[in-house]
Structures are given as C-alpha cells and as structure tokens.
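Have a look at the structure below before the remarks.
In this text the structure is predicted, and so the values were computed from the model without any measurement. Indexing begins at 1, ligand by ligand and atom by atom, following the structure's order.
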Amino acid sequence: MEKLAEACERVAGTTKKLEKTAVVADYLKSRTPGDAAVSAVFLSGRPFPVWEETTLQVGGALLWRTVSELSGKTEHELTAAYRRHGDLGAVAAEVLPARSGGSELGATEVQEKFRQIAAARGPAAKGALVRDLLSQVTPLEAKYIIKTMTGDLRIGLKESLVEEAIAKAYSGTLTEVQRANMLLGDIGETLKLAADGRLAQAQMRLFHPLGFMLASPAESAEEALSYFENAAVEDKYDGIRAQAHFAGGEVRIFSRTRDEITESFPELPDALAGLPQDAILDGEIVAWSYLAGETGRAVPFSALQQRLGRKKVSDEMIRRVPVAYLVFDLLYAGGDLLIDRPLRERGKILDELLSGPRKAVKVRPPGAQGRLTFDSEEQTAPALVIRAPVFQAASPEELDQLFEAAQARGNEGLMIKDPESAYTPGKRGKSWLKLKRELATLDVVVKAVEYGHGKRIGVLSDYTFAVWDGDRLVNIGKAYSGLTDAEIAEMSKWFLEHTVEDQGFRLIVEPKIVLEVAFNNMMRSDRHESGFALRFPRIVRIRTDKLPEDADTIERARELYEHQKN
Ligand code: AMP
C-alpha cells in the first residue's frame with residue numbers, strides 16, 4: 001500500500017495527464033497482476049469494482065472520529081487541519097502518528113479489510129474495523145485508504161486515465177481496454193485480461209450497470225433540429241432513469257447512480273421476466289395512471305417520489321402509486337451487444353422484443369382499479385412495460401406541435417434523437433437533445449448547510465450549493481425554500497451524519513447531495529466563488545438519481561448567463 005500511496009502522491013504532483021498515466025503505468029507494471037488489479041480499482045477512486053455494487057456504508061463522521069481518536073488531537077486542532085486541507089485523507093496524513101517503514105498490508109489485503117467493513121453491521125462494528133485498519137498503516141497509507149473509502153482520491157485521476165495507463169503498461173489499444181472495462185464493469189479484471197493479452201475475450205457481464213447515454217439541452221426547436229437530418233422524437237418522461245437486465249429468468253434494475261433499485265419496483269421483474277430473450281433495456285420508470293385515456297399516462301414526479309429509497313414496498317403502496325416502465329432503448333439482446341448499431345436498428349429490435357409473444361408468467365396485478373383489471377393471475381402481455389412511442393419531426397413547427405402534445409400528456413418536454421447514432425455509455429453528446437420549456441434550472445451540489453429561522457429554527461434548511469469548475473466545486477448560491485418539511489427533516493438528519501466540519505452556525509457537509517435549483521435570472525457577483533449569483537433561487541427537487549459528478553458545470557452556468565442577455 002505504501003508504494004501505491006507514493007504513486008498517488010506523484011500523480012497529485014503533476015497536472016499533466018501524460019505524466020499521470022506514465023506514473024500509474026510504471027506503478028502497475030511493478031506489481032503482480034493480482035495486486036495491480038486491486039490497485040487499479042483503488043486508483044479509480046473505489047474500494048470495490050463497479051459491478052459488485054458492494055458499499056462500505058462508512059460516513060465522513062465515523063472517519064473523522066476515528067482519525068481524532070488515533071491522533072489524539074483536539075476537535076479544534078482537527079478542524080484547523082481540515083480548513084488547511086479540505087480533505088480528511090490529507091488531514092490524516094498530517095495528524096496521525098508516524099511509523100517506521102511501510103505497513104505489511106498490500107492493496108489486496110486492504111481490500112480484504114474493506115470487505116470486512118462492508119459486511120459489518122452497524123456503526124460500532126464498522127468503526128472498530130476502520131480503527132484497526134488505520135492503526136496498522138503509515139500516515140501516508142492512511143491518507144489514500146481514507147480517500148478510497150470516501151470514493152474520491154482528488155489527485156486529478158479519473159477511471160479513464162487508469163484505462164490509458166493499462167493500455168500503456170500492457171497489451172491492447174486504449175479502445176480495447178475501454179470496451180473490456182465497459183463490458184465487465186471491472187477495471188481490475190480488465191487489467192488482468194490486458195496483462196494476459198486476452199482483452200478481446202472480454203464478454204458482456206450482465207447484471208452490472210452500463211453507463212447511461214446522456215442528453216444535451218437544446219434551447220429551441222430550431223436548435224434541436226440543427227444537428228442531424230431526421231429526428232426521432234420521444235416524450236421526455238419525468239421519472240427515474242432505469243436500466244433493466246434480464247437473463248435466465250432473473251431481472252435486476254439499476255438507477256443512473258448505478259444503484260440497484262429492483263426492490264423499489266417489485267412489480268417490474270414479473271413483467272419483464274416474460275421477455276423471449278436475454279436483454280438490457282434502457283428507459284424511464286414513471287408513476288402511471290391506468291385510468292387516464294386508452295393506455296394511461298404518466299403522473300408527476302412527486303407521486304413517484306413516495307416510492308423511492310424504500311427497502312420494502314408494501315402492496316398498499318404498489319396499489320396507490322402504480323408505475324410503468326417506458327422503454328426507449330435496447331443495449332443488448334440475445335447474446336449481442338447492440339450499442340454500436342444505429343438507434344434506428346436498436347429501435348426496431350426493441351419493437352419486436354416488446355411486441356412479440358411473451359411467455360406466460362405470473363403477474364401480480366399492478367393494482368389498477370377501473371379500466372385495466374386482470375381477470376386471472378396469468379397475464380401474457382403485462383401493461384406496465386411499455387415501448388415509448390417514437391415520432392418523426394422534420395421542421396421546427398412539427399416539433400412545436402409534438403412538444404405541446406407531450407406537455408398535454410403531462411410529460412416534461414421532448415427528447416430529440418439522431419436515428420443514426422450509436423449508444424455511447426456515460427457520454428453526454430449532441431445525438432440526444434432534451435427540449436424543456438421553463439425557467440432555467442441548474443443541478444448543483446450542496447456544500448454547506450445552516451439552521452433556518454422562524455418556523456425552520458432547529459432544522460438545517462438553508463443550503464449553500466456549488467457547480468463544477470474543473471475538478472473543484474465553486475459556490476454559486478444559497479437557497480432556503482422549495483422542499484417540504486418532511487424532506488427538510490430527512491435532509492437535516494443526513495447532513496448531521498455527513499458533516500465534515502462544524503462551524504457552529506453552519507456545517508460543511510460531504511458534497512454528495514445534488515439539487516435541481518430553479519431561478520429567475522443570473523447575475524455577476526463577487527459574493528460566491530463562481531463569480532455568479534442566482535436571483536430568486538428555489539429548490540425544485542432533490543436529485544437522488546444524480547451523483548455529484550453529474551451536477552452542472554461553470555461552463556453551463558456561463559452559457560445560461562450569456563443566453564439570458566440576448
Ligand atoms: P435531465 O435529467 O434533465 O438531464 O434529462 C435527461 C433525462 O431525461 C434522462 O437521463 C432520462 O432519465 C430522462 N428521459 C425521459 N424521457 C426520456 C427519453 N424518451 N429518452 C431519454 N431520456 C429520457
């Protein structure tokens with residue numbers, strides 16, 4: 001682990017990408033493939049490979065307490081160190097007692113300890129294991145162990161650079177490494193294949209989420225049609241993005257944050273289990289009213305929200321808030337990876353897959369009373385998995401009409417897609433455009449919270465939030481309205497558990513929560529680091545479906561600012 005930590009220090013010491021990848025490549029080559037594989041996972045800022053979905057469930061507060069105990073420093077001294085570094089790993093390196101020589105632990109042993117921590121139940125058991133681990137290592141090792149545990153090394157090294165380093169250190173081109181990593185969801189396994197010269201043998205591993213293709217905003221119908229000849233147009237549904245994997249009768253569903261959400265929607269696996277082929281579907285889960293119109297329609301996101309984040313969904317909840325899965329893409333079917341095929345072809349295969357005869361499976365009635373009732377428990381065409389309708393538009397006028405119709409159906413707006421485009425996992429390009437007509441919104445990350453006033457005294461209701469400027473989060477505003485009392489109470493609890501620095505009247509919190517913030521306009525201002533301030537900001541919703549890295553950038557803020565001037 002000492003060698004890995006030293007390599008990380010060298011990576012942090014340069015801003016040049018080529019030098020970073022060279023340091024990583026040299027380090028990887030100096031290790032056995034087994035140890036290099038685990039190191040590659042850590043260097044990507046994760047304790048475990050993506051596909052495993054194991055999480056440590058160790059918060060910043062627990063790590064803070066452990067560092068405090070092991071260092072014997074006062075709260076005041078630790079806070080002062082935190083102010084200097086802004087990173088608990090770096091604080092640990094400064095305050096933990098020195099040891100002579102590196103620890104006995106290699107990356108593989110450290111990951112074994114991580115597994116024990118992940119498996120332990122409750123903060124006390126986890127705390128004891130974390131303490132045990134950190135007391136066996138040098139301050140420098142502790143620095144990178146803590147950074148890996150918090151999921152962010154902050155040394156300017158992304159997984160994409162680790163892929164480059166693997167291509168440099170072993171066999172294979174960068175494209176081959178990227179592809180293997182995408183298929184396997186495991187940078188460590190990818191490294192082992194590269195070391196053996198077997199990258200081409202990487203097989204799609206189902207049941208780990210692939211990256212989601214993302215859309216860029218279009219400001220107008222004209223702009224939306226300016227990037228490609230013909231446009232495939234779909235409604236933009238206001239729910240949560242979901243990737244469903246189906247093979248051998250097993251179904252698992254993943255959110256955009258790559259979390260498994262199958263349990264939140266127990267009625268969907270039943271509906272998907274009848275598909276005739278193994279498949280990976282991409283779509284949006286929405287709350288659905290089976291009573292409206294012929295086929296029903298989506299209902300606002302707030303209805304769906306009641307079903308999110310629950311471990312167990314009661315039958316009553318399934319009945320009260322029925323859902324539908326609107327499927328708009330197909331990434332894999334019957335053994336073939338389809339992402340490189342054009343959307344038009346993927347769409348056709350998807351049509352066949354969803355319209356073909358489905359095996360009779362036991363389907364729980366979705367609780368729709370009224371028009372859609374089920375007379376028996378055996379149902380051959382479950383209505384809750386729906387192919388999202390695709391329309392064509394060749395002119396801005398046609399697009400405007402589709403837009404009005406989409407909004408009349410209660411949907412947010414339109415998605416305009418290039419029928420010739422491949423599916424590019426994890427990328428935001430101009431092949432998918434989203435058209436919404438509303439005041440601008442920004443997705444921001446909460447960095448600090450304060451206690452409220454008046455009726456909100458005693459709860460953390462004032463949030464300071466930021467957008468990305470490179471790999472830094474710069475503040476852009478502060479807002480204190482928009483959420484319900486219940487949401488504020490729940491958020492307060494989370495913030496207290498994830499405080500990294502208590503400044504009395506305000507708490508600096510782990511930058512994990514993403515909010516969608518609406519505002520009337522934007523101003524230049526010195527008040528915030530970003531150089532902008534938002535006028536009348538209000539929180540539209542908590543974006544539990546987004547990770548901090550999905551939040552908006554200073555470039556996007558600048559675009560909005562420039563745009564409003566016209
Ligand atoms: P946004 O969350 O505002 O960045 O918009 C992109 C999101 O719109 C996607 O991640 C999906 O969750 C959602 N969405 C809704 N309908 C569609 C659709 N027909 N095609 C693609 N994405 C959609």
Side-chain angles (χ1 to χ4, degrees), residues 209-219 224 231-244 253-259 261 281-288 297-301 304-305 308 323-331 339 343-344 346-347 350-351 354 385-393 399 402-403 405-407 409-419 421 423-444 467-468 514-518 540-553 556 559-560:
L210 295 183
F212 287 84
M213 179 156 175
L214 303 171
S216 300
E219 303 295 342
V233 184
E234 296 156 11
D235 283 16
K236 184 173 192 298
Y237 303 96
D238 192 11
I240 63 161
R241 186 81 175 267
Q243 191 180 96
I253 306 171
F254 302 96
S255 72
R256 233 182 94 168
T257 43
R258 297 178 174 231
D259 296 311
I261 49 169
L281 308 173
D282 187 8
E284 188 92 352
I285 297 176
V286 292
W288 194 254
R297 62 182 266 175
V299 287
F301 182 79
L304 185 69
Q305 216 156 18
L308 303 178
V323 296
Y325 183 30
L326 276 299
V327 184
F328 47 74
D329 219 319
L330 180 66
L331 280 49
I339 56 173
L343 171 64
R344 138 180 82 68
R346 300 197 304 274
L350 176 62
D351 289 341
L354 292 185
V385 177
I386 301 169
R387 165 67 162 116
V390 186
F391 310 98
Q392 311 295 324
L399 206 55
L402 289 174
F403 189 91
Q407 289 211 319
R409 284 188 284 268
N411 296 326
E412 248 192 314
L414 295 177
M415 299 291 301
I416 298 110
K417 302 182 179 177
D418 180 359
S421 62
Y423 190 97
T424 49
K427 299 225 171 76
R428 191 184 298 284
K430 300 273 192 218
S431 302
W432 284 16
L433 299 161
K434 53 186 175 191
L435 188 63
K436 305 194 248 181
R437 213 170 289 155
E438 57 181 10
L439 288 174
T441 64
L442 278 174
D443 290 333
V444 297
V467 290
W468 291 104
V514 182
L515 302 175
E516 183 173 341
V517 180
V540 181
R541 69 163 97 140
I542 308 167
R543 297 292 310 241
T544 44
D545 60 325
K546 290 203 170 178
L547 290 171
E549 51 265 39
D550 297 328
D552 279 311
T553 59
R556 168 90 181 121
E559 261 173 39
L560 290 177

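Side-chain atoms of S216 come within 3.5 Å of backbone N or O of G429 as a donor-acceptor pair.
Look at D282 and R241 and you find a salt bridge, because one of the NZ, NE, NH1 or NH2 atoms lies within 4.0 Å of a carboxylate O, short of that distance.
Here T553 pairs with E555 under the side-chain hydrogen bond (donor to acceptor under 3.5 Å, both in side chains) rule; sequence neighbours left out. With sequence neighbours excluded, the residues satisfying side-chain hydrogen bond (donor to acceptor under 3.5 Å, both in side chains) with D235 are R409, N411. With sequence neighbours left out, R541 forms a side-chain hydrogen bond (donor to acceptor under 3.5 Å, both in side chains) with D238.
For ligand 1, residues of the protein lying within 4.0 angstrom by heavy-atom distance are E234, D235, K236, Y237, R241, R256, E284, F328, M415, K417, W432, K434, K436, R543, K546.
Each of E284, E412, Q407 was evaluated against K236; a single residue qualifies, E412, per the side chain to side chain donor-acceptor pair (under 3.5 Å) test.
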